[in-house]
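Written out below as structure tokens is the structure these notes cover.
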Amino acid sequence: MNAISKLDRRGFLISALAVGGGLSLGVIPTGAQALGKDGEPCEFCPWITIAPDDTVTVQVPTPEIGNGAMTQCAMTVAEELNCAWPTIHAEFASTNRNFQQQNVYANGPGPIYGFFAGRSTNAGRLKPLLQAGASARERLKTAAAQAWKVPVSEVVAKDSVLTHAPTGRTLRYGQVAARAAAVVLDKEPAPKPRSEWTLLGRAAPGKLNNAAIVRGQTQYGMDVRLPNMLYAALMQSPVHGGKLKSYDFEAIRRMPGVHSVVVVDPSEPRVKLPFDSPLPMSTSTAQSAVAVLADHYWQARKALEALPVVWDDGEGARWKSTEQLQDAALAVCESPGKVMLTRGDGAGPLTSGEGRLVEASYLTPYCEHAAIEPLNGTALVTADRVDLWHPSQQSQQAFCVAVEESGVDPKNVYVHQTFVGGGFGRRVFGNDVRMVVAVAKKVPGRPVHVIWSREEVMRQGRYRPMEAAKLSARLDAQGMPVVLRARAAGNGHSLTGLQDSVYAGGAIPNVQMETAVMPIHILTGPYRGPSYNTNAFFAESFIDECAHAANIDPLEYRLKLLAAWPDPHWAKCLKEAATQSGWGQPLPRGQGRGIAISNWSGGGKPNAGTTVAAVARVEVTPAGVLTVHQVDLAVDPGGVVNQDAVRAMMEGGVIFGVNMTLNEGLTVKDGRIVESNFHEYPMVRVAETPTIRIHFGAVSNGERFSEVGEAPVGPVGPAIVNAIFAATGKRIRQTPLRKQDLSWA
Amino acid sequence: MSTTITVNGVVHKVDADPSTPLLWVLRDHLGMTGTKYGCGVAQCGACTVQIDGVAARSCQAPLEALAGVKITTIEGLSADGNHPLQTAWVDLNVPQCGYCQAGVLMAASALLKDNPHPTDADIDAAVTNICRCGSYVRIRAGIHAAAKALHAQHKV
Ligand code: FES
Ligand code: FES
């Protein structure tokens, strides 16, 4: 790389350089690309190119995992660029370029940490993209004004056409793109105020990649096909942290298509990253593994199944059963943990206060993300270059891991981000990248496509942690809590969802929250709404128990608790969900409604994060068969830029919450995960989908555009168990519900 | 050892072990990656194709059983991506990650062929695919919308 252009003063690059990246297949040489020559697109800044045929291409750092982040970034640019929507295309931004050009994409305000992860509407992303769009638009106008020799103030830019207002002369964006891209403005334009937006918050375009999806043309990680490519079937130590003892290649050597066996040894020395990673590298650690390489995947897989392998299970094998783990976690909650939060006299005795003492212990299991695209990736490693084609949820993390695992100069490491068949947090940490590169580097010069079977995905997760919690509250004479105490135990969890709940944030005067981390070998990681997905279940089940102890309607009880909360939209969400659901109206015997509220990412502050309230209506037969009939969900993410996209996330989030609560829970035997595939880890399907109604009546239209994917996963589960209580009088404190006895009468 | 199969009207000679599932024949031997692997055990439906017009999980169909049958994959569902289901899917923004949707579309199009006016219960029975993103509400709506569009087409 010899011609890195200079950054202009506002960090928007006027560059004659396009570094390969994005979705392109094949090995793309880096090198200079002349501005606008031969119909090539002209680069206005690292985010935007415009081609002579008017095509606008936006470089998007966020992978597209199904939440529409790619489309959202393009929509944000279009708001200011005033281009016709059909001219917009999106590509995945190059992490290599970001490295070589000093965070040219990850330099917006806000944390760099998550910049290449799945978000799209936080201020750190909206601002640079709006600015980039505005800047490109003004430069197009300036170029047209120069061509017509008129003042730029007389030029209007709309729908990819520049019009000289007094004379009606027109030029298309593509016609002046080359000239415009070279324009240096005296002053960067200020993006218009939100009140003047015409696209954001008003239009709701579908995902740009829908047309390709419905034709089966979208390229996911699984669909990468390269000349001379080998397929690898992977098996990691069935007990996490165990080690490969031996294997017998001779037993499979002559099976059809078999190429070789490759071993991944975590203790092998690895080079240190030659730069400071903005991301935690420890999360990507390799596991001891063996992989069979063959001409086709089916051959590799059959040979792996036939390969004799002996493992040293290590420490983890001491956990004989799920019950042993659960009992240990519940026992830990009986003694003080590390204090994470104290408010008022939260540390004081629970005996003060005139009302009842309410105490309950809860338990949630390890859960697997089960993204429908299995983990996989393809790498071509040579002595001085790495190309990785990967369905990453964090392509910058993928870049860093590929550099570290290969030891190749980062300048020569290229991550080609593919579309992603579901993320839910599983593809954030880069351990999948680590394993792919670790296998491929043993076969230098040949692309290797490494595939986790579904069974391998399920048993080699970075799971939603198992967590036990004990909650205690002392009520006052009116039945409202004066002291709240929470103790949680598990591995890999935090107190998000409890510590930042409205109850800890001021609604209850005296609070203490403690946690204990247990030395358990089972690997954990972020799973849609990390920790929140569990802790909201604890908090909202427990508040329901307090309401019952106080003999107050659960909706009314929550509204009382929220009475002094400075953000009125919490109460609005509760009322909206309740009203829409028919709260309070009589139901047949065996049916009940339950309510819950939570907030994702607001950090316990008012007017922050995404607030969601849910009402579930369930039916339980006397024999204990549960049906979730309806979920009403009211949301307040602050502002909404694409209502249909938010609605889709809410609908999917409700299903995720229902499935997590009803179905999901891994079991452990001798340190190994027992479940292997969907017949043992069931998923809700169309037939079990409740009526889902998403309500926007409580939207505050606040400053923020908070992320929406995680939020709905919080209140759905507790709303369901609270509804079961309403229907049957039975309080369920453990999931998955399919393993609990719900029978009554 | 080679086997001859017909996919989307095209005859292919495939050199693969006769026990190789159709899923991997399509993906690795014929380079048709629209049909997806999700579970390999007939659970998820991501691999759904049509065999003689009937929805089938291709991970369960060995190559040796496929001589003489007509296989249709997502790539052959329509000439221009304009099957009413595909149109409805785009209009209603059905897909999230999209990985499961080829299988869903193949199951849904088989249903509509047999049953142009499916009820919710018919959809429940015929579309048993897993969508981890949870697009089920829109899958159902998309099938109803496509059924309506088909009906309108036939009236014309
Ligand atoms: S891959 Fe065939 S049903 Fe899942
Ligand atoms: S759209 Fe992602 S699994 Fe269905």
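The sequence lines fix the lettering, A, B, ..., with proteins before strands; numbering per chain opens at 1.
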Flag, side chain of [X] to backbone of [Y], donor-acceptor distance under 3.5 Å:
X: A:Asn210; Y: B:Trp89; answer: no
X: B:Tyr99; Y: A:Tyr220; answer: no
X: B:Arg132; Y: A:Met683; answer: no

Contacting region of [X] [heavy-atom separation from chain B under 4.5 Å]:
X: A:His369; value: backbone
X: A:Asn659; value: side chain
X: A:Val684; value: both
X: A:Arg647; value: both
X: A:Ser453; value: both
X: A:Gln217; value: neither
X: A:Ala648; value: both

request  = Decide yes or no for A:Lys207 and B:Asn93: does some side-chain heavy atom of the first lie under 4.5 Å from some side-chain heavy atom of the second?
outcome  = yes
inquiry  = Measuring only between side-chain heavy atoms, which start at C-beta, is B:Asp17 closer than 4.5 Å to A:Trp298?
reply    = no
inquiry  = Can you confirm whether B:Lys148 is buried at NZ, in the sense that more than 12 heavy atoms of other residues, nucleotides or ligands lie under 6.0 Å from that atom?
reply    = no
Can you tell me how far the [atom1] atom of [X] sits from the [atom2] atom of [Y], to the nearest 0.5 Å?
X: B:Cys97; Y: A:Glu64; atom1: SG; atom2: CD; value: 9.0 Å
X: B:Arg138; Y: A:Ile692; atom1: CZ; atom2: CD1; value: 10.5 Å
X: B:Cys133; Y: A:Ile655; atom1: SG; atom2: CD1; value: 11.5 Å

query = Between A:Thr218, A:Val420, A:Asp644, which has the largest tally of heavy atom pairs under 4.5 Å with chain B?
reply = A:Asp644
task = Could you have a look at A:Ala211, A:Gly422, A:Ala370 and say which one has the most heavy-atom pairs with chain B under 4.5 angstrom?
result = A:Ala370
Interchain contact, B:Asp120 with chain A, by part (heavy-atom threshold 4.5 Å) = neither
request  = Check whether B:Gln101 gets within reach of chain A through its side chain, its backbone, both or neither, counting any heavy atom under 4.5 Å.
outcome  = side chain
request  = Please determine if A:Arg685 forms a cation-pi arrangement with B:Tyr136, meaning its NZ or CZ atom is less than 6.0 Å from the six-membered ring centre and no more than 45° off the ring axis.
outcome  = no
note = Residues B:Cys44 and A:Ile372: closest non-hydrogen pair is CB-CD1, 4.0 Å
key: Per-residue contacts, residues 19-43 of chain B versus chain A, heavy atoms under 4.5 Å   = B:Ser19, B:Thr20, B:Pro21, B:Trp24, B:Arg27, B:Asp28, B:His29, B:Thr33, B:Gly34, B:Lys36, B:Tyr37, B:Gly38, B:Cys39, B:Val41, B:Gln43
request  = Using heavy atoms and a sub-4.5 Å threshold, report which of residues 52-77 of chain B line up against chain A, by residue number.
outcome  = B:Arg57, B:Ile74, B:Glu75
